[in-house]
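All remarks here apply to the structure that follows.
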Number of protein chains: 2
Amino acid sequence: MNLKELSEKLGLSQTTVSRALNGYPEVREATRARVLDAARHYNYSPNSRAKSLATGQSMAIGHVVPTSSTHEMVNPIFADFTAGASQTYARHGYEMVISTVLDGDEEKVYRKLKARGTVDGVLVHAPAMNDQRLSFIEKLGLPYAVHGRVSDRPEPYCWLDVNNRSAFRTATEFLLDLGHRRIALINGREEMDFAYRRRMGYLDALSARRVPPDPQLMLADEMTEFFGYRSAMQLLALPRPPTAFLVSSMISAIGVRRAAEENGLRLGADLSVMTFDDDLSYLRNGADLPIFTAMHSSVREAGRLLAEMLIDLIANPGGPRQTRLLEAELKIGRSTGPVPFAVRSA
Amino acid sequence: MNLKELSEKLGLSQTTVSRALNGYPEVREATRARVLDAARHYNYSPNSRAKSLATGQSMAIGHVVPTSSTHEMVNPIFADFTAGASQTYARHGYEMVISTVLDGDEEKVYRKLKARGTVDGVLVHAPAMNDQRLSFIEKLGLPYAVHGRVSDRPEPYCWLDVNNRSAFRTATEFLLDLGHRRIALINGREEMDFAYRRRMGYLDALSARRVPPDPQLMLADEMTEFFGYRSAMQLLALPRPPTAFLVSSMISAIGVRRAAEENGLRLGADLSVMTFDDDLSYLRNGADLPIFTAMHSSVREAGRLLAEMLIDLIANPGGPRQTRLLEAELKIGRSTGPVPFAVRSA
DNA sequence: AAAAATATCCAAAGCGCTTTGGGACGATTC
DNA sequence: GAATCGTCCCAAAGCGCTTTGGATATTTTT
């Protein structure tokens with residue numbers, strides 16, 4: 001069933017039917033009702049390709065996900081973020097188009113997306129420090145919104161980010177208040193902008209208390225379970241091991257917990273662990289009492305909001321670039337406690 | 001830059017340029033080379049909407065992800081599965097379109113996808129027992145492939161599945177061989193087809209050894225960390241607690257480990273835990289020695305393969321429905337061991 | 001009652017591509 | 001030398017929609 005057939009059934013022109021369906025005023029209400037009824041009855045939906053071609057809008061938004069051929073890491077927050085974004089898209093009649101791309105092929109993919117008219121805009125994930133992509137996408141003239149920020153980018157652009165710096169400052173202060181002085185930072189890869197900001201927050205808090213940072217205690221890598229485990233095993237074997245761990249993700253924190261367990265250390269008593277909780281749906285941080293003391297911010301909500309901002313930008317390309325900084329919330333759980341007496345007195 | 005402009009620059013007709021680009025034989029090789037050069041030079045990519053309209057193919061495949069408004073659960077394997085599928089799509093020039101949908105609206109979404117010509121086929125996730133979707137999609141005439149199977153469906157359809165039954169039979173036998181008799185099953189929701197099959201495999205092994213199943217030891221729910229934790233806490237508090245846990249997902253197994261830890265039980269010594277390892281990229285089951293003894297099968301590889309099968313089906317709609325059953329592999333880790341002596345002698 | 005304004009509808013062009021049905025030309029065959 | 005056959009190219013139709021620029025009734029205004 002297409003527009004032509006539908007209009008023939010109704011004894012109307014395609015013009016009138018199209019206008020009736022799209023809410024234009026040049027059609028009598030009685031006629032519009034008749035058209036809508038018929039459309040429902042015949043299960044008519046306009047062909048999206050034809051519509052796109054005619055309007056010049058694709059009503060789709062692209063997410064380009066980098067996938068290295070070597071480590072094949074998929075960001076664990078990706079699923080929840082896109083689920084949030086997708087809800088917004090659905091509400092506004094947009095489709096979500098996802099492409100994975102090998103490192104280095106990114107520009108080619110963005111260029112194609114633009115040239116082929118596949119999408120009306122793109123959502124940029126996981127920006128690195130001084131990310132090259134943004135100025136490239138900007139030059140292409142493709143509307144875009146960034147999940148995170150790019151340091152050293154003076155040009156305005158549309159972004160939404162968690163205040164990673166203040167979150168990690170708060171977390172570090174919390175641990176300092178408990179008496180911890182040797183606090184390990186298990187961070188994400190520090191070429192990533194968010195990881196860099198987190199380290200800054202951690203250092204802010206240390207220097208405010210005149211605690212000299214120990215480079216031995218600061219590790220950074222892909223935030224897997226195994227990285228958390230390996231880092232903790234290594235640090236706990238030091239002559240003067242850390243008494244607290246600040247871990248950039250729940251997944252890695254779980255690895256830290258495993259290492260603690262193997263060392264016979266009880267969380268919250270012998271060892272304190274804090275983490276950043278993205279509120280992943282399959283990994284909720286406890287129902288009543290949180291498993292981990294954590295800085296908490298829903299990545300799904302971030303997806304919903306940022307999608308909204310991008311849609312606004314597409315609708316209003318000349319408008320100002322919206323930005324939004326979310327504050328993470330401290331949630332105290334069972335994984336932290338005061339420095340053990342043995343260490344304190346040592 | 002569109003086809004018209006490109007052909008004008010070349011002094012050729014649109015027909016010839018189109019044919020040159022699409023590899024048709026009616027064009028001289030010298031001309032084709034000239035056209036390809038120009039296309040590269042001007043960064044020309046054909047508008048995908050126009051192409052779709054002309055060919056009737058959308059070169060896109062839909063993934064419809066159910067999202068309940070109440071629990072908002074995103075399947076943790078989703079990201080890895082789609083990453084795999086997406087690689088295949090990219091290789092074949094397909095786009096991946098993802099829609100989330102609230103419970104109950106599924107038929108509407110599939111119908112729209114078909115009527116609007118947004119996709120050439122769909123990939124069906126997480127089929128339930130006797131899933132209604134398949135016959136509906138079949139009736140719509142939309143090519144589809146299923147990740148998993150649907151019991152009690154006599155009609156042929158394209159699917160790829162892990163042999164869940166044999167995997168859980170093997171796992172249970174492994175635990176029985178270690179002397180365990182009270183083996184808990186922490187399963188996914190048993191309306192889901194895969195969970196039902198897993199339970200069957202578990203029961204197969206028990207009955208082959210004449211171990212009567214204890215309904216108290218069989219729990220099923222959404223496979224979150226918390227569900228694993230809560231289940232284990234509950235079961236370990238029984239008068240005669242299980243000595244082994246067979247857990248349907250790594251995430252829940254991590255929850256079980258947390259419960260074991262809180263009860264002061266060492267994995268592999270005081271308590272055995274086995275799980276199913278989908279080889280998620282952010283949750284690799286150990287580098288050298290696996291954390292958990294597990295049945296192992298890569299869900300990313302599943303995505304790659306199934307996408308390939310769906311593309312075949314779209315290219316050859318009259319052809320036979322391909323099916324594929326993957327066997328999971330037993331990987332022995334540190335989380336299992338013989339029944340503790342205290343229990344054995346009790 | 002005539003003129004102007006408004007409401008309601010339609011024919012046709014156009015979005016950028018593919019594909020059908022030739023046409024022109026040189027090479028081959030009889 | 002005419003008929004046949006490939007080779008190489010083109011004009012135009014068509015995919016299903018939106019939208020422009022009227023056309024025709026119907027009201028409203030003067």
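Each chain gets a letter, A, B and so on, in the order its sequence line appears, and its residues count up from 1. Worth saying up front: this structure is predicted, and the values here are computed from it rather than measured.
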Nearest-Å distance, [atom1] ([X]) to [atom2] ([N])?
X: Y24(A); N: dA7(C); atom1: OH; atom2: P; value: 18 Å
X: L21(B); N: dT18(C); atom1: CG; atom2: P; value: 8 Å
X: L10(A); N: dT8(C); atom1: CG; atom2: P; value: 17 Å
X: L3(A); N: dA11(C); atom1: CG; atom2: C1'; value: 14 Å
X: E8(A); N: dC9(C); atom1: CD; atom2: P; value: 18 Å
X: Q57(B); N: dC17(C); atom1: CD; atom2: P; value: 17 Å
X: K4(B); N: dT18(C); atom1: NZ; atom2: C1'; value: 16 Å
X: L6(A); N: dC17(D); atom1: CG; atom2: C1'; value: 13 Å

Minimum-distance nucleotide (side-chain atoms of [X] versus [options]):
X: S13(B); options: dG14(C), dC10(D), dC17(C); answer: dC10(D)
X: A50(A); options: dC17(D), dA11(D), dC9(C); answer: dC17(D)
X: Y44(B); options: dT18(D), dC17(C), dT18(C); answer: dC17(C)
X: V27(B); options: dC17(C), dC9(D), dC17(D); answer: dC9(D)
X: A54(A); options: dG16(D), dC9(C), dC10(D); answer: dG16(D)
X: Q14(B); options: dT18(C), dC10(D), dC9(C); answer: dT18(C)
X: T15(B); options: dC9(D), dT20(D), dT19(C); answer: dT19(C)
X: L53(A); options: dC8(D), dC15(C), dT18(C); answer: dC15(C)
X: K51(B); options: dG16(D), dC17(C), dC9(D); answer: dC17(C)
X: E26(B); options: dG14(C), dT18(C), dC8(D); answer: dC8(D)

(request) Return the minimal non-hydrogen interatomic distance between R34(A) and L10(A), and the atom names on each side. (result) NH2-O, 3.4 Å
(request) Quick one: closest heavy-atom pair of G141(B) and K114(B), and the distance? (result) O-NZ, 3.4 Å
(request) Using a 4.0 Å heavy-atom cut-off across all strands, classify S18(A) as base, sugar-phosphate, or nothing. (result) base
(message) Quick check on DNA chain D: between R19(B) and N22(A), whose nearest nucleotide comes earlier from the 5' end?
(response) R19(B)
(request) Could you tell me how the ring of H125(B) sits relative to the ring of F81(B): parallel (under 30°), tilted (30 to 60°) or perpendicular (over 60°)? (result) perpendicular
(request) Hey, which sits more toward the 5' end of DNA chain C by its nearest nucleotide, T16(B) or R49(B)? (result) R49(B)
Taking OP1 and OP2 of [N], is either one under 4.0 Å from a side-chain nitrogen or oxygen of [X]?
X: N47(B); N: dC17(C); result: no
X: T31(B); N: dC9(D); result: yes
X: R28(A); N: dC9(C); result: yes

(request) Could you check V101(B), T82(B), I98(B) and say which one makes a side-chain contact (heavy atoms from CB on, under 4.5 Å) with V65(B)? (result) I98(B)
(request) Answer yes if the ring centres of H63(A) and Y89(A) are under 6.0 angstrom apart, and no otherwise. (result) yes
(request) Flag this pair as yes if the NZ/CZ of R40(B) is under 6.0 angstrom from the six-membered ring centre of Y44(B) and inside a 45 degree cone about the axis; otherwise no. (result) no
